[in-house]
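First comes the structure, then the notes that go with it.
Here is the naming used below: chain letters follow the sequence lines, and residue numbers restart at 1 for every chain.
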Amino acid sequence: MITPTLGELVAHINGQCSGDMSTLILGASGLEEAEHTHISFLSNPVYYSKISQTRAAAVLVKEDAVLPPTNPHTAIIKCKDPYLAFCMILDRFFNPFEKKQGVEQPSFISPGVVVPTTCYIGAFAYIDSGVKLGENVQIYPHTFIGKDTQIGANTLLYAGVKVYPGTVIGNDCIVHAGAVIGSDGFGHAPMPDGSYAKIPQIGKVILEDRVEIGANTTVDRATLGETKIEEGCKLDNLIQIGHNVHIGKNTVIAAQSGVAGSTSIGFGCMVGGQVGFAGHLKIANKTRYGAQTGVATHVKKEGTDWLGTPAMPYKQHLKSFVVLKELPQLEERVRNLEKQSQQHTPPSQD
Amino acid sequence: MITPTLGELVAHINGQCSGDMSTLILGASGLEEAEHTHISFLSNPVYYSKISQTRAAAVLVKEDAVLPPTNPHTAIIKCKDPYLAFCMILDRFFNPFEKKQGVEQPSFISPGVVVPTTCYIGAFAYIDSGVKLGENVQIYPHTFIGKDTQIGANTLLYAGVKVYPGTVIGNDCIVHAGAVIGSDGFGHAPMPDGSYAKIPQIGKVILEDRVEIGANTTVDRATLGETKIEEGCKLDNLIQIGHNVHIGKNTVIAAQSGVAGSTSIGFGCMVGGQVGFAGHLKIANKTRYGAQTGVATHVKKEGTDWLGTPAMPYKQHLKSFVVLKELPQLEERVRNLEKQSQQHTPPSQD
Amino acid sequence: MITPTLGELVAHINGQCSGDMSTLILGASGLEEAEHTHISFLSNPVYYSKISQTRAAAVLVKEDAVLPPTNPHTAIIKCKDPYLAFCMILDRFFNPFEKKQGVEQPSFISPGVVVPTTCYIGAFAYIDSGVKLGENVQIYPHTFIGKDTQIGANTLLYAGVKVYPGTVIGNDCIVHAGAVIGSDGFGHAPMPDGSYAKIPQIGKVILEDRVEIGANTTVDRATLGETKIEEGCKLDNLIQIGHNVHIGKNTVIAAQSGVAGSTSIGFGCMVGGQVGFAGHLKIANKTRYGAQTGVATHVKKEGTDWLGTPAMPYKQHLKSFVVLKELPQLEERVRNLEKQSQQHTPPSQD
């Protein structure tokens with residue numbers, strides 16, 4: 001990382017700024033935490049009034065922002081989308097992850113595997129036979145790449161990722177440390193004596209382009225055919241994806257959620273943390289699930305929101321739980337009604 | 001993998017078939033996905049009518065199956081159990097996992113450890129002193145085997161498995177990538193100043209024969225004594241097994257479930273995904289638990305089914321949740337009754 | 001481990017005992033499981049009567065314990081806190097984990113990294129540039145330590161721990177196998193076309209002194225600033241800690257729980273297994289959460305207990321669930337009241 005000047009930042013995001021372009025910018029922070037050498041951003045007009053209190057050396061704001069008088073030491077940078085511009089600056093100038101290149105030793109690369117010179121292979125990485133690597137692939141230490149796996153250009157596998165044989169990973173993917181891709185699906189046939197026979201899992205896993213997989217997440221290979229995660233999906237840490245699951249484009253799933261075998265989730269869905277989907281379900285596009293929801297049936301209507309176990313439509317769930325909290329009182333009200341009813345009912349005459 | 005002929009498949013499963021025994025079979029699939037060089041299977045008589053639509057080169061069916069007219073290019077193989085026969089064929093002819101043998105370098109094998117010639121030790125595997133290995137053990141790269149651990153014959157540890165010292169693993173076990181066996185139990189004694197003193201965890205873990213452990217699952221060692229998983233148990237991915245837990249023979253547990261310390265689960269149980277068992281419970285044999293169930297009390301009756309948090313008998317839970325969804329309406333009905341009751345009650349005379 | 005004599009044990013914990021100080025003690029167990037060469041302990045006066053039935057060679061009891069007649073082969077050791085004394089003995093004499101020292105080969109240590117002679121660096125460990133190691137640090141095989149990470153004195157990282165760049169780990173910490181510290185927070189900005197742009201995660205993780213992190217647990221780095229776990233916290237296995245989370249001193253969290261981004265948990269809290277905290281919450285000190293609780297709102301009152309999803313005060317939850325189990329019956333009671341009400345209501349006259 002080389003310390004950038006304000007001018008370099010402004011040029012990188014194609015912004016407009018009348019400050020001193022030679023000022024060195026040493027870091028990036030939120031508006032309140034920013035030190036006097038940092039760049040920050042301000043997206044929400046509600047907080048425009050806070051701009052005079054920041055110590056930041058520079059703040060990104062919208063082109064059309066109408067701001068109160070600002071602190072003279074704070075340069076204002078106007079741009080189209082301040083948050084995205086801030087992300088671009090983080091990525092280009094303040095990213096602690098450097099692009100690595102070259103092959104470290106000792107590593108284990110099977111004979112016949114071609115490693116493009118733009119790739120990084122960390123020490124103690126293991127690459128089995130038949131593996132195909134795209135340009136700029138970065139494979140960190142302790143990563144295992146099983147036989148005949150394909151890894152697309154610019155894809156990054158952090159330390160200790162384990163990829164079982166025959167996996168297909170697209171371009172521009174990120175797989176975080178400890179994730180396991182292609183482990184056996186959970187398939188066992190019950191035998192008459194109460195034991196289970198293992199059903200061989202001969203399918204594979206396909207991660208399409210721009211998929212991100214979180215730390216220690218597991219994605220099982222298909223029994224037959226494929227487990228597929230379509231382009232642009234983002235999966236957080238410690239998620240379980242069962243065999244033969246299919247996840248549509250740009251769906252995002254938060255940590256510790258699980259999808260059981262053969263379930264198919266549509267595109268553009270948003271899944272909270274610790275959610276569970278039962279197996280063999282069909283889940284409509286653009287649906288959303290609150291944290292800890294348990295989905296046990298198909299979801300047919302696009303764009304709907306769900307919560308609870310078993311899942312209910314979001315608003316229905318909120319209403320039910322208002323009453324749930326008052327259940328003992330409700331029971332008491334019913335008991336009172338029963339007492340009154342008994343007093344007013346003429347004695348039975350049989 | 002060598003491409004088998006139809007004749008070789010039929011012989012392997014001891015089936016009967018009148019097709020062309022020299023046909024090469026290139027793969028295995030479900031009936032609908034099968035390509036014209038694949039073998040498939042048909043177990044359920046409900047789907048017998050679909051056999052004429054498959055492209056498969058061969059289909060396994062029951063000995064006594066009465067089928068509609070079939071496609072001439074599809075050879076029919078009669079056998080006792082088509083699904084099991086299909087699994088046997090998958091395992092023998094289409095399994096992407098080859099049995100490996102020999103010691104790759106660099107690996108770390110402590111002096112004095114005997115490695116039978118039938119074993120596989122992958123590069124970057126670490127085997128500490130006092131470890132005992134059975135015949136045909138396969139230890140994949142990046143696996144750590146702590147001191148004095150025993151591993152039985154034919155057991156397979158995939159890449160990156162971590163086994164703490166003193167663990168005992170039986171014959172014919174499979175442990176998937178990233179699983180941790182024998183980590184410390186969660187035991188800390190509260191001190192008067194609010195801090196915690198670590199309780200040393202000096203017990204061990206025993207996995208009996210034919211146990212399968214999923215990717216990134218964790219099994220804690222006992223505080224004293226042993227954490228034991230009996231023969232034939234199958235555990236899916238990302239499961240937590242606490243210290244001193246005991247799991248009976250042939251119990252299966254789906255992904256992301258957890259069993260807290262000192263709980264004892266009987267034999268032949270079936271546990272869904274994301275289920276939690278509290279600590280110090282006794283769970284009866286052959287009981288079953290729906291996904292996301294929370295079990296907080298002993299389960300005494302064998303063969304019972306449970307669902308919900310806290311767990312209720314399965315059918316009771318279903319009934320309660322029908323009403324739960326209508327709780328706001330139930331509250332309104334009670335409110336209406338109260339209004340009516342007030343109208344009909346003579347005014348109080350005190 | 002050298003077999004200690006009774007005298008050595010008694011001296012180590014500063015206890016009082018009139019038994020034969022030369023007796024060799026071969027192990028440590030609970031009172032019922034103890035073999036005749038083991039030491040055990042007895043804390044709870046309720047069980048004092050059981051002391052005559054144990055086979056143990058020695059039992060730790062409170063200084064002021066009034067015991068029934070004991071077995072002549074069982075030496076009684078009097079001390080202030082029998083359980084803590086037992087833990088001290090376990091740790092000193094029966095701990096299967098030996099303190100290791102020295103650098104095993106092959107390992108990868110970047111030029112310029114200083115390894116104190118009191119440290120252990122296991123084979124296949126990877127230590128990137130700029131890493132700072134305290135005295136007595138133990139780094140097991142397959143551990144990855146990213147650039148510019150600091151690790152304090154006496155800290156122990158078990159096999160396969162992955163530490164991302166820029167992490168700060170204090171003194172006397174324990175991180176169990178497979179844990180990932182400093183992986184990217186889950187931050188993605190939605191784009192107009194339905195895809196997501198990755199928000200660079202340039203912050204870091206700080207683990208203060210005496211923190212313990214369980215196997216395969218993941219702790220995400222901050223987007224900006226820091227994710228911080230304060231001194232004395234104990235985290236179990238398979239836990240997810242999101243970006244910018246702050247956990248106060250001496251808080252303990254059981255397995256498979258998750259804390260979403262930017263939530264701040266106070267000190268001295270106790271969190272059960274499979275609990276979830278939503279993001280951006282403020283959670284009061286010394287609060288407690290039953291297993292599987294889902295916390296979706298701030299918790300403002302110190303020392304309170306919570307249960308259920310969404311979380312309710314513990315006692316309220318128990319009462320509500322008593323009624324929940326009887327919901328179908330409650331509905332029936334309301335239906336009966338409605339029938340009676342209809343019979344007693346004069347027919348409408350409009």
Side-chain angles (χ1 to χ4, degrees), chain A residues 28-30 33 83-84 87 90-91 94-98 104 106 122-124 140-142 158-160 174 176-178 210 212 214-216 231-232 234 236-238 249-250 252 254-256 267-268 272-274 290-292 308-309 321 324-328 330-331 334 337-338 341 344-345, chain C residues 106 108 124 126 142 144 146-148 160 162 164-166 178-180 183-184 186 188-189 194-200 202 204 216-218 220 224-225 238-240 242 256 258 260 274 276 278 292 294 296 309-310 312 316 319-324 326-327 330 333-334 336-337 340-341 344:
Chain A
S29 309
E33 300 80 24
Y83 189 51
L84 269 185
C87 287
L90 290 182
D91 195 35
F94 301 107
N95 203 323
F97 301 98
E98 305 166 291
E104 291 175 351
F124 315 123
Y140 270 64
H142 312 120
Y158 279 110
I174 298 173
H176 281 280
R210 292 181 301 286
E212 185 164 348
N216 284 347
E231 56 173 312
K234 311 295 178 189
D236 200 354
N237 301 344
L238 292 168
K249 189 173 163 176
N250 293 330
V252 293
Q256 296 180 317
F267 67 78
Q274 299 182 337
Q292 294 191 333
T309 301
F321 270 77
L324 181 68
K325 286 185 179 178
E326 307 288 330
L327 261 190
L330 185 66
E331 198 275 341
V334 172
L337 284 165
E338 287 169 338
S341 162
H344 295 278
T345 306
Chain C
F108 186 102
F124 315 124
Y126 185 105
H142 311 121
F144 171 87
K147 210 179 151 184
D148 297 329
K162 309 302 178 200
Y164 279 57
V180 176
S183 40
D184 280 2
F186 196 59
H188 302 88
S195 73
Y196 290 86
K198 182 171 175 67
I199 301 169
I202 73 161
K204 62 182 169 184
N216 284 348
T217 281
T218 58
D220 279 350
L224 300 167
L238 291 169
I239 287 171
Q240 154 71 0
Q256 296 180 317
Q274 299 183 334
Q292 294 192 331
T309 301
M312 299 183 209
Q316 183 188 348
K319 281 181 199 160
S320 283
F321 271 78
V322 167
V323 186
L324 181 68
E326 307 288 329
L327 260 191
L330 185 66
R333 286 159 64 190
V334 172
N336 285 337
L337 285 165
Q340 290 175 27
S341 163
H344 294 276

Derivation of the side-chain contact (heavy atoms from CB on, under 4.5 Å) call for C:Gln274 and A:Gln256: CA-CA 9 Å; C:Gln274 299 183 334; A:Gln256 296 180 317; over 6 Å; no
Criterion side-chain contact (heavy atoms from CB on, under 4.5 Å) on C:Gln292 and A:Gln292, from CA distance to verdict: CA-CA 9 Å; C:Gln292 294 192 331; A:Gln292 294 191 333; 5.6 Å; no
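- Remark: C:Lys198 NZ is packed, more than 12 non-hydrogen atoms of other residues, nucleotides or ligands lying under 6.0 Å away.
- For a residue to count as touching a neighbouring chain, one of its non-hydrogen atoms must lie under 4.5 Å from one of that chain's; by this rule A:Pro328 touches chain C with backbone and side chain alike.
- Looking at A:Glu231, there are no atoms closer than 4.5 Å to chain C (heavy atoms on both sides), in backbone or side chain.
- Looking at A:Glu331, both its backbone and its side chain come within 4.5 Å of chain C, counting heavy atoms on both sides.
- Residue with the most contacts toward chain C among A:Leu324, A:Leu330, A:Leu90: A:Leu90 (heavy-atom pairs, distance under 4.5 Å).
- Contacts of C:Lys204 with chain A are absent, with no heavy-atom separation under 4.5 Å from either backbone or side chain.
- Of the atoms belonging to C:Leu337, it is side-chain heavy atoms, and not backbone ones, that fall under 4.5 Å from chain A.
- For the side chain to side chain contact (heavy atoms under 4.5 Å, CB included) test, residues two or more places apart in sequence or in another chain that qualify with A:Ala159 are A:Tyr140, C:Phe144, C:Lys162.
- Residues meeting the salt bridge (charged side-chain N to carboxylate O under 4.0 Å, His left out) test with A:Glu326, sequence neighbours left out: none.
- Among A:Ala255, A:Ala215, A:Pro141, A:Gly232, the residue with the largest count of heavy-atom pairs under 4.5 Å with chain C is A:Pro141.
- No more than 12 heavy atoms of other residues, nucleotides or ligands sit less than 6.0 Å from atom NZ of A:Lys249.
- When heavy atoms are compared at a cutoff of 4.5 Å, C:Ala278 does not approach chain A at all.
- Of the two parts of C:Asp148, neither the backbone nor the side chain holds a non-hydrogen atom closer than 4.5 Å to a non-hydrogen atom of chain A.
- Between chain C and the options A:Ile174, A:Asp236, A:Asp91, the largest number of non-hydrogen pairs under 4.5 Å is found for A:Asp236.
- Heavy atoms closer than 4.5 Å to chain C are found nowhere in A:Glu33, neither backbone nor side chain.
- Ring planes of C:Tyr126 and A:Phe124: perpendicular class, angle over 60° (limits at 30 and 60°).
- Across all non-hydrogen atoms, the minimal contact from A:Phe321 to C:Thr309 is CE2-O, 3.3 Å.
- The contact between C:Ile239 and chain A is made entirely by backbone atoms, counting heavy-atom distances below 4.5 Å.
- When heavy atoms are compared at a cutoff of 4.5 Å, A:Ala291 does not approach chain C at all.
- Most heavy-atom pairs under 4.5 Å with chain A: of the set C:Val334, C:Val180, C:Leu327, this distinction falls to C:Val180.
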Worked verdict on C:Asp220 versus C:Gln240 for side-chain contact (heavy atoms from CB on, under 4.5 Å): CA-CA 8 Å; C:Asp220 279 350; C:Gln240 154 71 0; 3.6 Å; yes
